[in-house]
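These notes are about the structure you will find just below.
Read the numbers this way: they start at 1 and go in the same order the structure lists the ligands and their atoms. Position 1 is the first residue of the sequence, and the numbers go up from there. Values below: all heavy atoms of this structure, side chains included; hydrogens, waters and symmetry mates excluded.
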Amino acid sequence: MAGLRAEALNRGITTQTFDAALKGVEADPTVIEAMDTQPEFKTPIWDYLAVLVDDQRIAEGRAKIAEWEAVLAAAEAKYGVDRNVIVAVWGVESDYGKLVGGRPLVRSLSTGACSNRRAKFFRDELMATLRIIQDGDMQLEALKGSWAGAFGHTQFMPTTFQRLAVDFDGDGKRDIVGSIPDALGSTANYLAKAGWKTGQPWGYEVRLPAGYSGLSGRSNRQALAQWAKHGVQALDGQPLSGTGTAALLLPAGPNGPAFLVFSNFNSIYSYNAAESYALAIAHLSDRLRGAGPFKTGWPTDDPGLSRAQRRELQARLAQQGFDVGAPDGAIGPRTRSAIKAYQASAGLAEDGHPGVRVLESLKKKAEGSPVPAPGSVR
Ligand code: CA
């Protein structure tokens, strides 16, 4: 703590700011645990997207677009970023402000700053947090977020906030927790600074020739004429459209949906460097605009479930006497165990996967139809 204090003073943080913010703060061991935890399951892309782009998130996003029409129009005018993309970031990042994280930033970041790994990263974020308080943008009490320090409607890191947050409601303060206009304006500014090109699409779904085994991947950018030469087609059979070079994304390999993506996809990608994440925002933005689901199905016989379907799955498991805890739509170890136990009882493969297959089986069971014979569905 003495070391952090010296560094803070060195960086222009006052003793008053530091002492008030760090008063009584003790290490949060769960932050260290979270740093060391590897996810137990690798989520298939179709499960990931089924949750992030479900009917509920689309309906709520459209309601938000109507509610914040004036703010979004102003953000479009000032930053040139499509309102559907701004709102899609909001929906994926924090479920429109419902999942912002409740851990005090100063505690999480000072814990990380005193750990053995990534100490410099956390120290920089802690210093940025103290600067936010000292500048009067936000109060200590409002600065709560994820264990890693992302906070607010748009889940900015404190250093990102310092670089890119804007006061979009004009009250003189930047506040991405208490002000939705500030959060939306800040997201638009982020994407603009990340190179967003006004009026251009992120990309679109395409059709591949049978047995395609050519180039793909976000870094293999080609002229559209090249892709056309390789047999890549627009879904409607029209010539490939768009400006500049494009990359071919095959998130589930050549037998799943395929996408040509332009530089605006990379702007979304820069928000949180994961292609599945960027695709969720990109697709949600299309759905908010009124587009339908992907035309090509995922290469699986057990597609993912929306949050509503996940809640239904849990309710049906509970109805059958399996313990799922609270039916909140979140699939934790308890729900996975319950799925496995049900699968065992129903003669299904015991993979614990919260997919369409186990939900359909539970529905049939509730209807009193004969349950498939053991082994027949494997
Ligand atoms: Ca403001």
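When atom types are taken as modelled, the side chain of W227 and the backbone of A246 share a donor-acceptor pair closer than 3.5 angstrom.
Within the 3.0 Å limit, K173 places at least one N, O or S atom next to the Ca ion (ligand 1).
The closest approach of D167 to the Ca ion (ligand 1), by N/O/S atoms, is made by OD1. Among the heteroatoms counted here (N, O or S) of D169, OD1 is the one nearest to the Ca ion (ligand 1).
Taking the ring centre of Y269 as origin, the terminal cationic atom of R218 falls inside the region bounded by 6.0 Å and 45° from the ring axis.
To the nearest 10 degrees, the Ca ion (ligand 1) sees OD2 of D182 and OD1 of D171 at an angle of 150°.
Between the side chains of H353 and D47, at least one donor N or O sits under 3.5 Å from an acceptor N or O. Counted by atom type alone, R174 and Q162 present one or more donor-acceptor pairs between their side chains at under 3.5 Å.
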